[in-house]
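Both backbone and side-chain heavy atoms feed into the values below; hydrogens, waters and symmetry mates do not.
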Amino acid sequence: MGLFILRRLGIMILTALCLTFIVFFMTNLYPNLEKLAKTQGNFRMSDAEVASYLGRNGYLDPLPVKYGQWLGVLPGWTVEVDEGMRGRCVQGTVAPEVLAAAPRFCGILQGDWGFSTVFKDEVSGIIATRLGLTGKLMFWVMVLMVPSALLVGVLAGMREGSRTDRTLSTFAITTTATPEYVSGVILIAVFASSAVGLKWFNGTATSAMEDATFNNFFLPVLTIALYGMGYIARMTRASMAEVMTAQYIRTARLKGVKFSDIVMKHALRNALIAPFTVIMLQFPWLLNGVVIVETLFNYKGFGWVLVQAAGNNDIELLLGVSVVSVIVVLVTQLISDVGYVYLNPRISVS
Amino acid sequence: MDIIGWGEIITRILTQFTPVWIALVVTFALSLIYKRRLGLYGKLFDSVIGMTGFALVMFWVYTGIFGGAFGWIVTHDTLSQISGLKNKVPGTPVPDAAAQGLYPYYLMGGDNLARDVFSRMVVGAWEVMKIAPFATLFAFMVGITLGLPAGYYGGKLDTFLSFLANLILAFPVILLFYLLVTPEIVLTGIPVYMAGVLFLFPIIFLTILFNSRFFTQPSKRNLYVALTLVIGLWVYLGIAWDADPLGLISFPPNLLVVFVAVVFVNSPTVFRIVRGLAMDIKTRDYVAAAQTRGEGPWYIMLWEILPNARGPLIVDFCLRIGYTTILLGTLGFFGLGLSPESPDWGSTINEGRKLLSIYLHPALPPAMALLSLVLGLNLLADGLREESLRD
């Protein structure tokens, strides 16, 4: 088991390196750098001005070198300009002595995530606050989604083919077929617009960042939860239906055990093994939903930062965002594999 | 003229869809009559869920073809703006319609640029039909061509390909879209190179398919392989490199980026499914029999394993078209790829959502359209799964 986790960790690091390199490569293509220079300076910059801006900010080094600097395995760039020295590890233009006193290496490994060009702030700080906000959103999504999905799945799966099953399955299919930008629009239209007139909830969640209430937070949470719910419910239903046909359930029924006891005591535990992995693997998908919902409801969390960073080619912020999301994806995969082994006595990794 | 009521709006919309109704009735009548001779497709008509899904899907397919390609159902031009109809409610009459020979009403109202919402929704179906099925098909060709050897041979090849697939799957889809589908990336030519690689797979797939089947009949094999190569490479040059020697086939560059991005995102999942199926099926007796007969590995993969994996693959194909539709909507929603005036559903929803708290009608029709199409595909997949499990 230890070796298995160690091997997985090795693959994870390799994957994270490859992915960040791809992001690095894509964002450092010259047209993208040019766009960055023009959004930072002005849109009528000449080619020479663009080149000088990029040179002053260390963007013109060869790609592997820049990647090494970002990682922190190569010393940060330094450039001599008219007014003094500029470098990766210092802010703005400084005297040579200040640069000499600054650390030579400043990358991810040293805990320096870089500086965001859009927000004019440390990347680590931005990501920490935004991740906190998204964490709040995700927590409530999980609180709403997991119990209701399991309930729907178990109720549908315990009597396969019954009317309850048909109704709940149709509901589950409908929610999986509704992407967040459709369900969000429909929910806002019905519950938040002045045209219908219900106005039960707020159509934006901007105020929920400071002070989340049922009014301003329920719609975004529901929108994300609905999309993931159908899938988990269908998995639970399938696994519940399979367990209910097993021999030991038949034995229990023939012994005369009450139906509710069979479901609660005998079937439920075995039926929940498969949904557990599915719930863990939903995290990457939820990340997608988060981006859409945060844009739709104007909730300035992690997904919103992703859109801002990508839209403005904010290289270091985008890299930070990718690192975090890749870690989230890979760690949930690992937990789902390990958890599956622990929950299911029939599977062993060795 | 006055604004017409909901009753008349619905009647008029149903009338506009007449060609679709006729086509649907004909399709269903023919399929129900001959359903015993039509294999899996015919069996679909035994399940209510499958039929409902099929009806929804075919409704949008016919709407797309008749409305987008033939221009029958649409009431107004999708780009023309008529002054005075900005954000007007459904059923608003068009001023001077009779004099200019226009349809007298905006059946689903006007959007914030005073364009007809109904016509844009109808043409939006055509935008989906042009991309989603083909992108899914291409993703399947890539996934099958790589997944079969990975599952069949296993070993280093499998480790390497699986690592690549997991790498792409670990990317948040939206980040990938933001990196791939921007005008700056189009300038660098990366999408063209990706298209150059991805679009080779269908040709490789078909060539190997025919070569392994007719290896013992050289005359037949040469004919099929030559035909595939000539037609395939011709289309390939036209679509991927925009270098068709005859100048007949070309592909708008912004559509190409969207196409490539969607194929790229979908193929790793297909790869994983095919690989899993191949690993399962290669232990069967008929594969061992073929190996004993001395068949080549590609013959076994494509003509023994693949046909026996068709059930799950067909079901996944339906689901994946729906997922591709969702992805296209996502692209439109973030304003990536397609031009801003494009009537595709994602862009229309994105435009409509900005005024959602006051005007519902520009955003809701495309949202409901997308929902019903994807729901139809899901139900269809469910029906197919049920029926293919039965035998």
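Contact of A:Leu330 with chain B is made through the side chain alone, with heavy-atom distances under 4.5 Å. Contacts of B:Asn350 with chain A are absent, with no heavy-atom separation under 4.5 Å from either backbone or side chain. In this structure, chain B has a heavy atom under 4.5 Å from the side chain of A:Leu306, while its backbone stays farther away. Contacts of A:Val328 with chain B are absent, with no heavy-atom separation under 4.5 Å from either backbone or side chain. Of the atoms belonging to B:Ile190, it is side-chain heavy atoms, and not backbone ones, that fall under 4.5 Å from chain A. Contacts between A:Ile173 and chain B at a heavy-atom distance below 4.5 Å involve backbone atoms as well as side-chain atoms. Neither the backbone nor the side chain of A:Phe191 comes within less than 4.5 Å of any heavy atom in chain B. Residue B:Tyr323 touches chain A through its side chain alone, counting heavy-atom pairs closer than 4.5 Å. With a threshold of 4.5 angstrom between heavy atoms, B:Leu377 does not approach chain A through any atom at all.
The candidate from A:Ile22, A:Thr15, A:Val329 with the greatest count of non-hydrogen atom pairs under 4.5 Å with chain B is A:Thr15. Taking chain B as the reference chain and counting heavy-atom pairs below 4.5 Å, the highest number among A:Ile292, A:Val321, A:Thr170 is found for A:Ile292. Interface summary for chain A: among B:Ala170, B:Gly335, B:Gly322, the most heavy-atom pairs under 4.5 angstrom belong to B:Ala170. Across A:Leu287, A:Asn288, A:Ile188, A:Thr178, the residue that shares the most heavy-atom pairs under 4.5 angstrom with chain B is A:Asn288. Among B:Leu180, B:Leu187, B:Val173, the residue with the largest count of heavy-atom pairs under 4.5 Å with chain A is B:Val173. Of the listed residues B:Ile185, B:Thr330, B:Thr182, the one with more heavy-atom pairs under 4.5 angstrom with chain A than any other is B:Thr330. With chain B as the partner, the residue from A:Thr27, A:Leu296, A:Thr174, A:Thr176 showing the most heavy-atom pairs under 4.5 Å is A:Leu296. Options B:Asn166, B:Asn378, B:Leu179 differ in how many heavy-atom pairs under 4.5 Å they form with chain A, and the most are formed by B:Leu179.
Residues B:Thr136 and B:Thr324 bring a donor and an acceptor atom of their side chains to less than 3.5 Å of each other.
B:Phe177 has its side chain within reach of B:Leu327: a pair of non-hydrogen atoms, C-beta onward, lies under 4.5 Å apart. For the pair A:Tyr59/A:Leu36, a side-chain contact is recorded, criterion being any heavy-atom separation below 4.5 Å from C-beta on. Within the 4.5 Å cutoff, side-chain heavy atoms of A:Val290 are placed close to those of A:Met138.
A:Glu294 places a side-chain N or O within donor-acceptor distance of the main-chain N or O of A:Gly303, the cut-off being under 3.5 Å. Not one N or O on the side chain of A:Arg234 forms a donor-acceptor pair closer than 3.5 Å with the backbone of A:Gly153.
Looking at every heavy atom in both residues, B:Thr159 comes nearest to B:Gly155 through OG1-O, 2.8 Å.
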Evaluate side-chain contact (heavy atoms from CB on, under 4.5 Å) for B:Asp111 paired with B:Thr348, printing each intermediate quantity in order.
-> CA-CA 9 Å; B:Asp111 65 6; B:Thr348 328; 5.6 Å; no

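The environment of CE in B:Met368 is sparse: at most 12 heavy-atom neighbours from other residues, nucleotides or ligands sit within 6.0 Å. Atom CZ of B:Arg353 sits in a crowded spot, with more than 12 heavy atoms from other residues, nucleotides or ligands closer than 6.0 Å.
The structure places CG of B:Leu375 at 11.0 Å from CG of B:Leu380, a figure rounded to the nearest 0.5 Å.
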